[in-house]
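Labels below follow one simple rule: chain letters A, B, ... track the order of the sequence lines, proteins then strands, and each chain is numbered from 1.
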Amino acid sequence: MIKKLLPHPALTITLIVVWMLLANQLTLGGLVLGVIIGVVIPILTSPFWPDRPRVRFGPATWIYIAVVLWDIVAASFQIAVIVLFRRSKDLRSAWLVVPLDVRSPEAITMLAGTISMTPGTVSCDVSSCGRALLVHALDTPDPAAEVARIKRRYEARLKKVFA
Amino acid sequence: MMLDAGPIEILISAILVVGGFFALVGSWGLARMPSLMTRLHGPTKVTTLGVGSCLIASMIYFPATQGKYSAHELLITLFLFLTAPITANMIAKAHLHRQGRSIDPNPMDDIAEGLPETGLGTGWATFEGQDAERADPPR
Amino acid sequence: MTHWLVAPVLLPALLAPIMLLFLRKRLMESRVLSIGACLSLLALAGLLMAQASTGTTQTYALGDWQAPFGIVLVLDRLSALMLVVTALLALAVMIYAVVTGLDRRGWHFHPLFQFQLLGLNGAFLTGDLFNLFVFFEVMLIASYGLMLHGGGGARLKAGVQYVVVNLVGSTLFLVAVGLLYGATGTLNMAHMGQRVAEAPAGDHGLIVAGGLLMITVFALKAAIFPLHVWLPRTYVSTSAPMAALFAIMTKVGAYCILRFTTVVFGESAGPLAWAPAPYLLPAALATMLVGFIGVLGARNLRHLAAFSVVGSMGTLVSAIAVFTPEATAAALYYLPHSTFAAAALFLVSDQIARRRGAFGDALSPSPVFSGAGRLSGLFFLTAIAVVGLPPLSGFPGKLLILDAVRDAPGGWWIWGFILGTTVISLLAFARAGSALFWKSAATAGEIKAATPAAPVAAALVVTGLLGVLTVLTLAGGPITTYLNATGQQLFEAGAYGGAVLGPG
Amino acid sequence: MIEIAVLFAISCVGLAMALNLWRLARGPTTADRILALDTMTINAIALMVLMQIQQGSAVYFEAALLLAMVGFVGTVAYCKFLLRGDIIE
Amino acid sequence: MTLAWIALLPFLGALAPALAIRLGRNACALATGLVTTTALVLLLSLAPQVMAGEVVTARISWFPSLGLNLNFFLDALGLMFAGMILGIGLLVIIYARFYLAKADPMGRFFAFLLLFQGAMVGIVLSDNILLLLVFWELTSLSSFLLIGYWRHLPEGRQGARMALTVTGLGGLSLIAGLLILGQIAGSYDLSVILQSGEAIQASPMYLPALVLILGGCFTKSAQFPFHFWLPHAMAAPTPVSAYLHSATMVKAGIFLLARLWPALAGTEAWFYLVGGVGLFTMVFAAAVALFKDDLKGLLAYSTISHLGMLTFLFGLGTPAAAVAGVFHIINHATFKAALFMNAGIVDHEAGTRDLRKLGGLVTLMPIAATLAVLAAAAMAGVPPMNGFISKEMMLEEAVGAQAFGLTWLVPAVVMVGILFSAAYSFRYVVGVYFGPKRESYPSKPHDAPFGMWAPSALLVILAVAIGLAPALVAGPLVNAVAAVVTGGAAGEKHLSLWHGLNLPLAMSVAALVGGGLLLAAHRGAERVWLGLGLPDAKAMFDKVTEAAARAAQRLTEAVHNGSLQRYMFIILATALIVALAGFVSADYVEGARATLPAPGAAVVAWVLLVGGATAVVLGHRHRYLALIFISVIGLIVSLAFVFLSAPDLALTQISVEVVTILLLLLALNLMPKTTPIESSGGRRLRDGLLAAVGGIGMAGATWALLRREGPPSISEFHWANSYSGGGGTNVVNVILVDFRGFDTFGEIIVLGIAALTIFALLETAGRGASGRRLATWSPDQRRSPEHHPMMLVVATRLLLPLALVVGLYIFLRGHNEPGGGFIAGLVVSIALLMQYMASGYAWADRRLPVDHHGLIGFGVLVAALTGLAAMALGAPFLKSAYEYVSIPLIGDVGLSSALAFDIGVAFTVVGAVMLALHHLSSTAQRAEKSPASDQPMDIDPSRTVAEPPARPAGEGA
Amino acid sequence: MSIEFLVATAVGVMSAAGIYLVLRARTFPVVLGLAFMSYAINVFLFASGRLVINQPPIYGKEVTAYTDPLPQALVLTAIVIAFGMTALVVVLALRTYLETGTDQVDGLADTPEATPPPPEETAVLGPEPPSPVAPSREAGR
Ligand code: NA
Ligand code: NA
């Protein structure tokens with residue numbers, strides 16, 4: 001019953017927040033409307049999201065978000081430096097293959113997205129079995145270390161979010 | 001005016017300068033990098049952050065100057081951060097597909113020898129999907 | 001508050017979605033509803049004509065927003081006339097389409113047909129220039145669907161041309177609206193007329209350019225030379241009933257030229273009065289010539305019919321281009337005549353082509369075919385109507401025009417062209433009929449019918465149209481009385497504006 | 001001060017868009033052009049936000065939001081076309 | 001009113017034979033005869049009054065404002081002609097009953113004949129020249145049917161066509177002439193026109209009117225050079241020829257000359273034009289007739305000759321000549337009808353009409369021979385036949401006439417004419433009935449049945465009677481008619497056989513003797529005649545019409561060559577020229593509105609737009625690239641809109657843009673990806689020039705508008721009443737859904753129809769040539785095997801609800817802030833399309849069981865019903881209402897009927913967009929050989945069984 | 001340099017591009033041309049209400065300056081209609097191509113002297129790129 005009514009509780013919360021952001025004012029009426037929307041829309045769209053990934057809103061999640069946000073900022077500076085100052089022929093571009101432990105498509109996507117938004121790496125493809133990510137690194141002296149960093153810094157944390 | 005600049009103004013200005021700078025750098029990277037894979041990095045991260053900065057600046061600016069609180073910018077940022085990696089991923093896939101396994105046969109690029117194996121016995125999705133054989137059209 | 005005025009728009013606007021929602025797979029019900037709708041529209045149009053014939057110009061403020069701020073529908077004698085013509089033609093075409101099963105040969109025939117009527121009726125009623133654009137688009141897009149209905153390669157190819165040409169036309173329409181709005185600050189045609197009259201001299205260049213561009217767009221719809229080029233292939237390629245229905249589409253162009261010019265550039269427009277007029281007459285004359293030369297050079301019946309539409313538009317617009325009440329009245333007599341005559345010609349051509357199997361409508365002899373007697377009679381009468389010979393209405397129609405334009409500048413040119421092109425078309429139709437019926441009678445062989453012959457009811461539709469022409473002829477007195485009043489009404493300075501915008 | 005910062009940022013974004021155009025025209029691969037277009041869209045969002053600050057007006061927001069959403073769909077469609085020809089299959 | 005009935009009876013009666021034929025041929029002929037007899041009796045009942053000098057009239061209003069009314073009048077001239085038409089008509093009907101073969105459809109024949117008869121009677125009874133025109137043209141049409149009656153004969157077809165074309169041409173000339181005449185006289189009624197002779201002849205328009213009217217008369221009465229149609233009209237059945245060439249059709253032209261004589265005759269122009277043409281025709285046609293071997297050909301040219309003589313007589317312009325003309329009309333009708341019937345009998349019985357195969361029939365067909373001798377004598381002008389008397393009268397007038405100051409010219413020419421006339425008359429009789437009997441004739445000749453020769457006998461008796469006692473038999477009528485024609489100037493003329501020994505008699509005798517001699521020397525004369533090598537007018541006519549038709553065909557096909565490229569060029573160039581011409585034709589003063597300084601970003605945007613446009617134009621042959629480039633334009637335009645205070649526009653542009661791109665990409669998939677270079681350099685230059693001029697024009701127009709203030713816009717009202725009257729603060733939206741809601745109503749209908757048409761187009765794509773092409777379609781690009789990339793699928797799943805929330809938000813705020821139903825509908829559509837794109841058509845479609853047609857219908861209906869609700873409350877359609885209602889927990893909510901209207905808009909938009917794209921993509925599925933899997937993503941690791949990787953993770957190259 | 005000048009010239013450029021493209025021989029460029037014309041006309045129609053910055057037509061009691069909302073409403077309607085029309089013409093072009101095998105606007109078959117365009121990956125405005133290993137065009141054959 002609950003599952004039918006709230007197919008994606010996290011989504012419901014997100015939508016309520018989004019609605020409040022859109023409405024741009026904190027009124028009771030707006031909140032009621034937001035709740036209605038947050039409940040109704042996931043029900044309407046649930047056929048398009050048949051899987052139910054379990055997302056935990058624990059500290060792990062917040063830590064993960066913080067780490068990623070920080071890395072995005074750092075990444076940008078790093079890339080900026082490369083873009084501005086590094087000569088093209090000095091670039092140490094490399095392909096990385098990141099073997100995956102996470103299995104849910106949501107988690108893999110999250111990881112891939114994180115990789116893309118963080119320093120010097122863009123995830124380009126998934127293996128056809130879904131167990132490895134193809135990542136392009138703009139400038140990396142040690143590809144293996146980079147892979148290890150990705151698995152440690154992001155994948156390990158993600159596993160806790162998608163428990 | 002400049003003399004009146006309070007800390008908030010300075011903060012906003014700084015964020016704006018940083019935002020503009022990142023936006024420019026991202027596009028500069030796009031323009032000057034030697035190959036598509038290297039060009040992909042600038043816009044994905046730097047430009048997105050540049051836009052994000054502008055949005056944050058806006059988010060601070062309106063409450064600070066006009067007393068109008070607005071969180072709309074947060075939504076745009078959310079959207080951009082959600083979509084930027086997917087965009088990059090799709091462009092990369094399209095590029096991989098168009099160029100074949102030998103990526104970026106560009107003399108400026110040192111990864112011309114091709115894609116690595118997955119190491120799992122299977123291929124990359126772009127090249128070897130469920131119906132790889134059928135999909136290759138007759139030459 | 002009387003709502004009759006909006007009914008010709010609302011009726012199809014409601015029926016079409018209802019058919020779409022509930023009758024998509026129910027042909028019989030759709031047919032009954034469609035024919036019923038056509039009949040109701042006819043009755044409605046008749047009622048409105050009766051109201052208009054009192055001479056008062058009625059308006060209907062949509063959304064209760066008065067002109068010039070909101071959109072108003074305006075009913076005067078002219079629009080009532082156009083509604084009646086449309087409804088009559090629609091009824092005939094709908095019956096023909098049903099009895100020949102055209103409506104079964106594709107999707108959404110009946111809703112599209114209703115939408116087409118909606119666009120036409122709206123265009124004839126609206127008093128707002130931009131709203132006219134919207135109804136043009138409704139009318140056009142429905143016509144695309146109907147034009148393509150039934151499919152086939154040639155139809156599709158021609159459809160591309162038809163659609164593209166009209167899209168460019170719509171673009172030009174908007175350019176004109178932009179210029180006129182920018183220069184006058186209004187969209188209501190009556191109001192625009194007042195603004196044009198008051199406009200400072202420095203604005204005149206833009207206003208005239210906008211006005212002429214507007215006329216150009218209408219001329220494109222009306223198939224006026226050299227903008228007529230799209231018409232023949234379109235009309236030839238579509239199904240006969242749709243070509244027959246499209247006979248009214250060219251008249252929309254003519255109607256708009258008349259309405260727009262009299263309201264916006266009318267007598268009261270001061271220095272800009274009748275500014276578009278000088279361009280129209282030479283173009284109309286050339287249209288007549290090109291049309292009837294095309295009739296003479298046609299290789300098949302449908303080309304003949306299509307070019308005769310072009311030619312008759314030249315005749316019609318040449319009378320309009322004179323811009324006098326008398327010539328307008330004459331043109332308005334010729335308008336329904338040429339509409340029904342063209343429709344009859346397309347429909348009779350279709351029946352002939354069906355009977356001739358693989359020989360189709362080519363103007364070359366085929367072996368004798370069944371029903372040739374009846375069809376030759378219908379063809380003969382239709383040809384008489386199109387050429388403009390007595391006893392059908394083409395003859396008084398042309399006489400009325402000749403009589404009315406005599407004293408106008410360029411009147412002798414119109415005489416020469418009308419009489420000259422009548423000779424050409426006479427020769428052409430004589431050749432065509434002779435090849436189709438007389439030579440065929442002497443050609444050996446047998447026809448294997450490829451397409452099912454049209455039922456007798458199809459011939460009855462043509463007979464009905466010819467009957468309408470007969471009524472037009474026999475009732476010439478009362479009809480011309482109405483039309484003369486229409487002409488007077490259109491040219492009465494400030495009358496339209498007063499009715500739409502209120503006194504003062 | 002903010003005015004100057006905004007002006008600076010706008011100039012940067014404007015310049016960035018010009019660079020995007022250069023890449024768009026120059027290519028050389030189709031993916032480069034898609035990327036250039038996508039970046040241009042994102043820069044346009046930045047421009048809208050900056051103009052919003054410059055003018056002190058809030059009407060740019062929906063446009064920016066919609067552009068973010070729609071730019072993504074467009075880019076995906078372009079890529080999908082390159083990959084499969086058929087964008088909806 | 002009797003008069004109107006006489007004119008209309010044959011028309012109404014035309015149904016009688018058509019119906020009676022079911023009862024048999026006799027019934028058919030009887031019915032026809034009854035109609036004509038009735039009309040004749042009615043006519044004769046009026047005769048006493050008319051002969052007493054009274055004019056009988058009937059007036060029925062028809063087109064009063066035009067002056068075209070059913071006004072009839074009967075005077076002596078009308079009586080004479082109507083009597084001839086109906087009387088000879090009756091004889092022809094009797095004759096035709098026996099003449100027509102069993103196979104000939106008699107009902108049709110008599111129906112046509114009655115139509116023709118009615119038209120002729122109408123001409124002679126009309127008091128209104130426009131009405132006369134109606135009947136005039138009707139004679140052309142009905143004679144066309146009669147001449148072409150034997151549709152299997154090529155001569156019949158050609159003859160009919162030629163007759164119609166020539167007389168039709170003349171008819172149009174006549175229209176012009178009579179309209180001018182009416183204008184000069186101030187009325188189209190003959191009774192008025194005939195009173196205005198002096199005014200007419202004094203008018204500067206007299207000469208044009210005269211020439212145009214004569215154009216009608218001469219073509220109808222086959223005067224040179226329009227004579228050539230008449231001999232070919234002989235292809236008609238002989239009864240028709242007899243009728244057309246004696247009393248009717250050709251006489252219509254003569255009738256009109258006589259009718260208009262008081263108004264037009266007497267001037268120099270009339271004398272030379274009418275008299276000259278008549279005289280020449282008389283001589284020329286007589287000469288031709290002499291060398292015709294076909295009996296009917298001979299008679300046809302003799303008709304032309306006699307018509308020439310009549311024309312000549314009326315052309316002389318003297319009252320006495322007019323009397324002679326009137327008298328000869330009667331005489332000619334009697335002997336010519338008789339001769340035609342005779343020729344028909346010969347043809348019928350001997351099986352040929354060729355003089356070279358005939359001869360010596362006098363013993364085989366004594367009755368026919370007797371009749372022929374008498375009728376031909378009348379034609380030759382042998383006393384005591386009626387033709388002799390009128391010829392003498394003609395000669396008398398000819399002797400007195402002088403042309404170009406020469407007194408001998410006219411008599412000399414006339415002399416030649418009557419000499420030939422005598423010769424061909426003799427030739428007819430001698431060639432058919434006398435001379436050696438032939439070995440055999442195509443069929444065995446014997447005298448015809450009574451019914452066939454009786455009508456001609458009657459006519460011959462009449463001819464003899466008139467000849468012997470002209471004053472008694474014809475005198476009163478001729479005098480009465482002459483009085484009408486000349487307006488009483490002729491006085492009483494005593495008709496007599498004997499005029500005394502005078503020059504005309506001498507000429508007559510000389511002509512008869514000379515004619516005999518000429519016949520004797522026929523063979524030699526024929527050689528001379530053929531040696532002249534006169535051009536064949538019919539061949540020339542044929543050549544001219546054929547050439548005209550071919551030229552028309554070539555011209556038409558050259559102009560309308562089916563090239564859209566050309567059409568577009570013509571249309572665009574015309575629009576440009578016309579607009580430019582309009583612009584320069586009136587004053588223009590540059591406006592003084594202050595301009596806004598452009599910030600740098602605007603300049604950059606401009607550069608982007610121009611660069612994008614250049615890229616599209618230069619790169620348009622790579623279609624896919626062009627699509628990428630064109631997106632730049634959309635982006636910049638959206639930016640411009642938002643910068644220039646048009647947020648609604650920007651939102652709409654942005655969302656429309658992407659749907660359009662999706663649509664174009666979907667279509668491009670199945671189409672060629674490149675455009676070949678087909679236009680020549682010259683054409684591209686030409687197109688480029690037009691584009692440049694057009695661009696400059698548009699830029700100039702924009703600039704001109706932007707630089708001036710212009711009058712106050714009606715939108716000031718919208719601004720002022722948006723909130724108070726429309727209940728919304730977004731004025732644009734209030735305009736859309738309220739002030740101009742009717743526009744929006746139409747607009748969603750356009751969208752709906754577009755989708756319906758797209759559906760109808762694509763629904764049939766699987767059939768026919770298109771279906772085959774789809775079935776054999778193979779992708780023209782290398783394709784990645786992956787259909788549904790995992791990451792994309794995951795992202796869109798999250799984006800869908802987000803986008804829906806945004807859509808809802810945009811919808812709800814639209815009335816007060818930028819947004820509204822249309823944009824919301826597009827946003828929702830885009831969100832749904834994302835699912836289709838990512839997860840695949842089949843998968844998404846199963847999850848969206850929505851009837852798109854229904855959505856469209858529902859949307860339009862909701863919008864319409866919103867408007868109707870107002871009507872139910874007595875307000876006009878689409879009148880809006882709004883109310884702020886308090887809802888528990890939510891608070892005050894502004895509810896506007898416009899919101900319901902906007903719901904309709906949104907539903908229509910979603911329905912239309914989804915319907916279109918849905919069917920576009922399903923069309924592509926038909927072409928797909930390896931359908932995508934049902935799974936929403938190709939790779940779903942959560943579905944695959946977890947197993948350890950084959951070997952440790954490989955690392956980057 | 002004024003905004004008015006930029007807008008006017010932009011309208012001119014878009015119109016010119018539109019006119020040139022609708023005069024091409026294939027349906028697809030013609031569709032692009034129509035799209036261009038639509039852009040041009042939308043901006044033009046919008047401009048008929050004159051240009052104003054930062055005064056959106058959102059009514060407020062304290063707001064006194066505003067841009068002319070009417071042309072905006074007209075352009076909105078025009079955009080929607082143009083969208084419907086474009087959709088239709090695109091599908092019609094596709095359908096015609098499927099039915100007849102040619103996308104010539106005149107419905108004629110490809111002319112033999114028609115020359116193929118240069119390879120796709122060539123820069124439109126820039127110099128030739130190095131030749132790719134697996135050029136997509138060849139792969140497509
Ligand atoms: Na809106
Ligand atoms: Na709208």
(request) Output the option from E:Asn69, E:Leu761, E:Leu145 having the highest count of non-hydrogen pairs under 4.5 Å with chain C. (result) E:Leu145

(request) Against chain C, label E:Glu716 side chain, backbone, both or neither, depending on which of its atoms sit under 4.5 Å from a heavy atom there. (result) neither

(message) Counting heavy-atom pairs closer than 4.5 Å to chain C, which one of E:Ala754, E:Ala864, E:Ala701 comes out on top?
(response) E:Ala754

(message) So for C:Phe135, is it side chain, backbone, both, or neither that comes closer than 4.5 Å to the heavy atoms of chain E?
(response) side chain

(message) Is E:Ala573 in contact with chain C via its backbone, its side chain, both, or neither, using a 4.5 Å heavy-atom distance?
(response) neither

(request) Heavy-atom distances under 4.5 Å only: say whether E:Ala769 touches chain C with side chain, backbone, both or neither. (result) neither

(message) Let's test your reading of the structure: which of C:Pro226, C:Ala329, C:Gly388, C:Gly70 forms the most heavy-atom pairs below 4.5 Å with chain E?
(response) C:Pro226

(message) Please determine whether side chain to side chain contact (heavy atoms under 4.5 Å, CB included) holds for the pair C:Tyr181 and E:Ser713, giving the CA-CA distance in whole Å, both sets of side-chain angles, and the decisive distance to 0.1 Å.
(response) CA-CA 8 Å; C:Tyr181 176 77; E:Ser713 167; 2.4 Å; yes

(message) Let me confirm one number: the CZ-CD1 distance from E:Arg740 to C:Ile71, rounded to the nearest 0.5 Å.
(response) 4.0 Å

(message) For a side chain to side chain contact (heavy atoms under 4.5 Å, CB included) check, start with the C-alpha distance between C:Phe395 and E:Leu133, then their side-chain angles and the critical distance, and finish with the verdict.
(response) CA-CA 10 Å; C:Phe395 188 73; E:Leu133 277 173; 3.8 Å; yes

(request) Quick one: pull up CG in E:Leu164 and CZ in C:Arg431 and give me the separation to the nearest 0.5 Å. (result) 13.0 Å

(request) Identify which of E:Asp738, E:Leu706, E:Val860 forms the greatest number of heavy-atom pairs closer than 4.5 Å to chain C. (result) E:Asp738

(request) Find the one option among C:Leu118, C:Leu187, C:Ile18 whose heavy-atom pairs under 4.5 Å with chain E are most numerous. (result) C:Leu187

(request) Determine the sole option in C:Leu419, C:Ile418, C:Thr422 for which the side chain to side chain contact (heavy atoms under 4.5 Å, CB included) test with E:Ile175 is passed. (result) C:Leu419

(message) Please evaluate residues C:His3 and E:Phe877 with respect to the criterion side chain to side chain contact (heavy atoms under 4.5 Å, CB included), reporting the C-alpha separation (whole Å), side-chain torsions for both, the decisive distance (0.1 Å), and the verdict.
(response) CA-CA 8 Å; C:His3 296 294; E:Phe877 184 63; 5.8 Å; no

(message) Quick check for you: among C:Pro232, C:Pro396, C:Gly106, which has the greatest number of heavy-atom pairs under 4.5 Å with chain E?
(response) C:Pro396

(message) Taking the six-membered ring for Trp, are C:Tyr60 and E:Phe742 closer than 6.0 Å centroid to centroid?
(response) no

(request) Kindly say whether the aromatic ring centers of E:Phe144 and C:Trp438 come within a distance under 6.0 Å. (result) yes

(request) Among the options E:Leu572, E:Ile180, E:Leu555, E:Leu68, pick out the one with the most heavy-atom pairs lying under 4.5 Å from chain C. (result) E:Ile180

(request) Check each atom of E:Phe135 against the heavy atoms of chain C and say whether the ones under 4.5 Å are side chain, backbone, both or neither. (result) neither

(request) Check whether C:Leu112 gets within reach of chain E through its side chain, its backbone, both or neither, counting any heavy atom under 4.5 Å. (result) side chain

(message) Could you measure the distance from the CD1 atom of C:Ile384 to the CD atom of E:Glu137? Nearest 0.5 Å is fine.
(response) 10.5 Å

(request) First locate atom CG of E:Leu66, then atom CG of C:Leu400, and finally report the distance between them rounded to the nearest 0.5 Å. (result) 4.5 Å

(request) Could you tell me which portion of C:Ile424 (side chain, backbone, both or neither) has an atom closer than 4.5 angstrom to a non-hydrogen atom of chain E? (result) neither

(message) How long is the straight-line distance from CZ of C:Arg24 back to CG of E:Asp851, given to the nearest 0.5 Å?
(response) 4.0 Å

(request) Considering only heavy atoms and a distance below 4.5 Å, find which of E:Thr165, E:Thr556, E:Leu179, E:Thr545 pairs most often with chain C. (result) E:Leu179

(message) Shorter than 4.5 Å, heavy atoms on both sides: which option in E:Ala575, E:Gly710, E:Ala863 has the most such pairs with chain C?
(response) E:Ala575

(request) Heavy-atom distances under 4.5 Å only: say whether E:Ser585 touches chain C with side chain, backbone, both or neither. (result) side chain

(message) Need one label for E:Met568: side chain, backbone, both or neither, based on atoms under 4.5 Å from any heavy atom in chain C.
(response) side chain

(message) Determine whether the aromatic ring centres of residues C:Trp65 and E:Phe739 are separated by less than 6.0 angstrom.
(response) yes

(message) If you take the centroid of each ring, where Trp contributes its six-membered ring, are E:Phe63 and C:Tyr333 closer together than 6.0 Å?
(response) yes

(message) If I measure from the heavy atoms of chain E, does C:Leu483 come under 4.5 Å with its side chain, its backbone, both, or neither?
(response) neither

(request) Can you tell which part of C:His303 gets under 4.5 Å to a heavy atom of chain E, answering side chain, backbone, both or neither? (result) neither

(message) Just so I know, are the side chains of E:Arg708 and C:Pro200 near enough to count as touching, which here means a heavy-atom distance under 4.5 Å?
(response) no

(request) Among C:Ile215, C:Leu227, C:Leu213, C:Thr216, find the one that has a side chain to side chain contact (heavy atoms under 4.5 Å, CB included) with E:Val578. (result) C:Thr216

(request) Measure distances from E:Ala581 to the heavy atoms of chain C and classify the residue's part below 4.5 Å as side chain, backbone, both or neither. (result) both

(message) Ring centres under 6.0 Å, that's the criterion: do E:Tyr588 and C:His204 meet it?
(response) no

(request) Let me know if E:Met162 has heavy atoms under 4.5 Å from chain C in its side chain, its backbone, both or neither. (result) neither

(request) Take C:Arg233 and E:His560 through the test side chain to side chain contact (heavy atoms under 4.5 Å, CB included) and record every step on the way to the result. (result) CA-CA 8 Å; C:Arg233 197 169 173 192; E:His560 311 86; over 6 Å; no

(message) Less than 4.5 Å to any heavy atom of chain C: does that hold for the side chain of E:Ala870, its backbone, both, or neither?
(response) neither

(message) Tell me whether the rings of C:Trp107 and E:Phe759 are parallel (<30°), tilted (30 to 60°) or perpendicular (>60°).
(response) perpendicular

(message) Once rounded to the nearest 0.5 Å, what's the spacing between atom OG1 of E:Thr757 and atom CD1 of C:Ile141?
(response) 6.0 Å

